[in-house]
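Structure first, then comments.
Naming convention: chains lettered A, B, ... in sequence-line order (proteins, then strands); numbering from 1 in each chain. None of the values given here were measured: they were computed from a predicted structure.
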2 protein chains.
Amino acid sequence: MKRRTTSSKQAVFNILKSSEVALSQDDIEKKVAGEMNRATMYRILNSFCEDGHVHRIFSDDGRTYFAVCLNCKENDHHHNHVHFRCLKCLRMECLKEEIEIKMPQGYTFKDANCLVTGYCNCCS
Amino acid sequence: MKRRTTSSKQAVFNILKSSEVALSQDDIEKKVAGEMNRATMYRILNSFCEDGHVHRIFSDDGRTYFAVCLNCKENDHHHNHVHFRCLKCLRMECLKEEIEIKMPQGYTFKDANCLVTGYCNCCS
DNA sequence: TTTATTATTGCAACAAAGTCGCATTAATAA
DNA sequence: TTATTAATGCGACTTTGTTGCAATAATAAA
Ligand SMILES: [Mn+2]
Ligand SMILES: [Mn+2]
Ligand SMILES: [Zn+2]
Ligand SMILES: [Zn+2]
């Protein structure tokens with residue numbers, strides 16, 4: 001027996017799944033009904049990432065954002081799409097745009113975290 | 001009269017300039033001769049970034065790394081090159097590889113922070 | 001050279017993100 | 001129904017980075 005399904009986990013997952021944008025722990029805390037301990041939420045988010053249901057976005061605002069994996073198969077995780085953070089409305093979103101990076105000779109690629117800041121179409 | 005040249009600034013800048021890799025504040029603190037207050041060093045690094053002598057790399061390890069700008073002209077700052085962090089030897093380096101990102105319709109590009117993790121040629 | 005101005009520094013206190021140990025609670029297997 | 005152990009809440013903690021304030025020092029002005 002490994003993971004157990006709990007209401008906390010389901011709550012967090014539903015929030016992430018129904019969100020159009022990536023969310024920080026703080027964002028989720030605001031959206032979740034009732035109380036939920038910060039440490040617990042981080043543990044939940046970490047487990048989602050471990051299990052490959054959710055991916056992390058490391059932002060230049062000092063926060064980590066979380067978003068559900070959409071096109072990831074069990075054995076094919078590719079998070080090399082671009083993330084965008086609007087400097088005005090603060091939306092953090094996963095873009096369709098994928099980047100392909102030519103690694104230097106002898107280097108091994110493990111993961112990518114590509115973030116672009118600017119203004120979204122509403123805020124431009 | 002705006003910026004003043006001080007030995008602290010010069011020390012930090014020389015460390016960054018002579019380093020092959022990008023450095024975190026902590027890295028610099030270890031390299032700097034004698035004592036230097038953390039707040040002071042951050043203020044120095046921030047001023048370098050403001051003045052466009054140095055650019056920031058936001059890493060997935062929770063730290064910010066700093067590296068001198070090499071190909072930036074006064075009016076043409078382009079930091080859309082890829083950064084690489086080796087998961088074994090922990091080197092953080094600026095890669096030659098530049099990424100070009102097609103922004104969605106109506107979006108305005110401001111800055112990019114593209115980080116790749118993996119293993120460098122020594123550690124692969 | 002001397003003085004005045006103000007950028008820079010050190011210090012301490014603070015903020016925010018995230019982690020961890022531990023006792024308690026609750027899913028699930030037996 | 002009971003036993004097992006994952007999940008939770010709590011509080012303490014760590015790390016990165018910032019800020020107010022008084023003291024110091026680089027530089028402009030006299
Ligand atoms: Mn994404
Ligand atoms: Mn760089
Ligand atoms: Zn916007
Ligand atoms: Zn390496």
Checklist outcome for this item: Residues passing the ring pair (Phe, Tyr, Trp, His ring centres under 6.0 Å) test with B:Phe84, sequence neighbours excluded, are A:Tyr107
Checklist entry - Do A:Phe58 and B:Phe58 have their ring centres less than 6.0 Å from each other? => result no
Checklist entry - Where the side chain of A:Thr64 is defined as all heavy atoms beyond and including C-beta, which of C:dG18, C:dT9, C:dT28 is the nearest nucleotide? => result C:dG18
Checklist entry - Can you tell me how far C1' of D:dA7 sits from NZ of A:Lys9, to the nearest Å? => result 7 Å
Next on the checklist: Under 4.5 Å between side-chain heavy atoms, counting indirect links through other Ile/Leu/Val/Met/Phe/Trp/Tyr residues: same cluster for B:Leu70 and B:Val21 or not?
Outcome noted: yes
Checklist entry - Expressed in angstrom and rounded to an integer, what is the separation of A:Phe66 atom CZ from C:dA17 atom C1'? => result 10 Å
Checklist entry - Taking atom C1' of C:dA17 as reference, at what distance in whole Å does atom CG of A:Leu45 sit? => result 13 Å
Item to check | Nucleic acid contacts - residues 11-43 of chain B versus DNA chain C, non-hydrogen atoms under 4.0 Å | outcome: B:Asn37, B:Ala39, B:Thr40, B:Arg43
Item to check | A:Glu50 CD - C:dT19 P separation (whole Å) | outcome: 11 Å
Item to check | Closest-nucleotide 5' rank along DNA chain D - winner of B:Gly62 and B:Ser7 | outcome: B:Gly62
Next on the checklist: So for the helix from C:dT1-D:dA30 to C:dA30-D:dT1, with five pairs setting each end axis, what is the inter-axis angle to 10°?
Outcome noted: 30°
Checklist entry - OP1, OP2 of C:dT28 versus side-chain N and O of A:Thr5: anything below 4.0 Å? => result yes
Checklist entry - Would you say A:Leu23 and A:Leu87 are hydrophobically clustered, going by side-chain heavy atoms of ILVMFWY under 4.5 Å? => result no
Checklist entry - Which atoms form the tightest heavy-atom contact between B:Ile101 and A:Cys114, and what is the distance? => result CD1-SG, 4.2 Å
Checklist entry - Under a single-linkage definition using a 4.5 Å side-chain heavy-atom cutoff for Ile, Leu, Val, Met, Phe, Trp and Tyr, are B:Tyr65 and B:Val54 assigned to the same hydrophobic cluster? => result no
Checklist outcome for this item: A:Leu95 and A:His81 have their tightest heavy-atom pair at O-CB, 3.5 Å
Next on the checklist: Quiz question: by atom type and distance under 3.5 Å, do the side chains of B:Ser124 and B:Asn121 form a donor-acceptor pair?
Outcome noted: no
Item to check | Phosphate-side-chain proximity, A:Thr6 and C:dA26, N/O vs OP1/OP2 below 4.0 Å | outcome: no
Next on the checklist: If you compare every side-chain N and O of A:Asn46 against the phosphate oxygens of C:dG18 (OP1, OP2), does one of them come in below 4.0 Å?
Outcome noted: no
Checklist entry - In whole angstroms, how far is the P atom of D:dT16 from the CZ atom of A:Arg63? => result 18 Å
Item to check | A:Lys2 vs D:dA6: side-chain N/O to OP1/OP2 distance below 4.0 Å | outcome: no
Item to check | Shortest non-hydrogen contact between A:Asn37 and A:Ala39, atoms and distance | outcome: OD1-N, 2.9 Å
Checklist entry - B:Ile44 CD1 to D:dT18 C1': how many Å, rounded? => result 15 Å
Item to check | Whole-Å gap separating P (D:dA7) and CD (A:Gln10) | outcome: 13 Å
Item to check | Check ion pair A:Asp26-A:Arg63 (N to O, under 4.0 angstrom) | outcome: no
Item to check | Base of C:dT6 paired with side chain of B:Arg4 (donor-acceptor, under 3.5 Å) | outcome: yes
Checklist entry - Can you tell me how far C1' of D:dT16 sits from CZ of B:Phe58, to the nearest Å? => result 12 Å
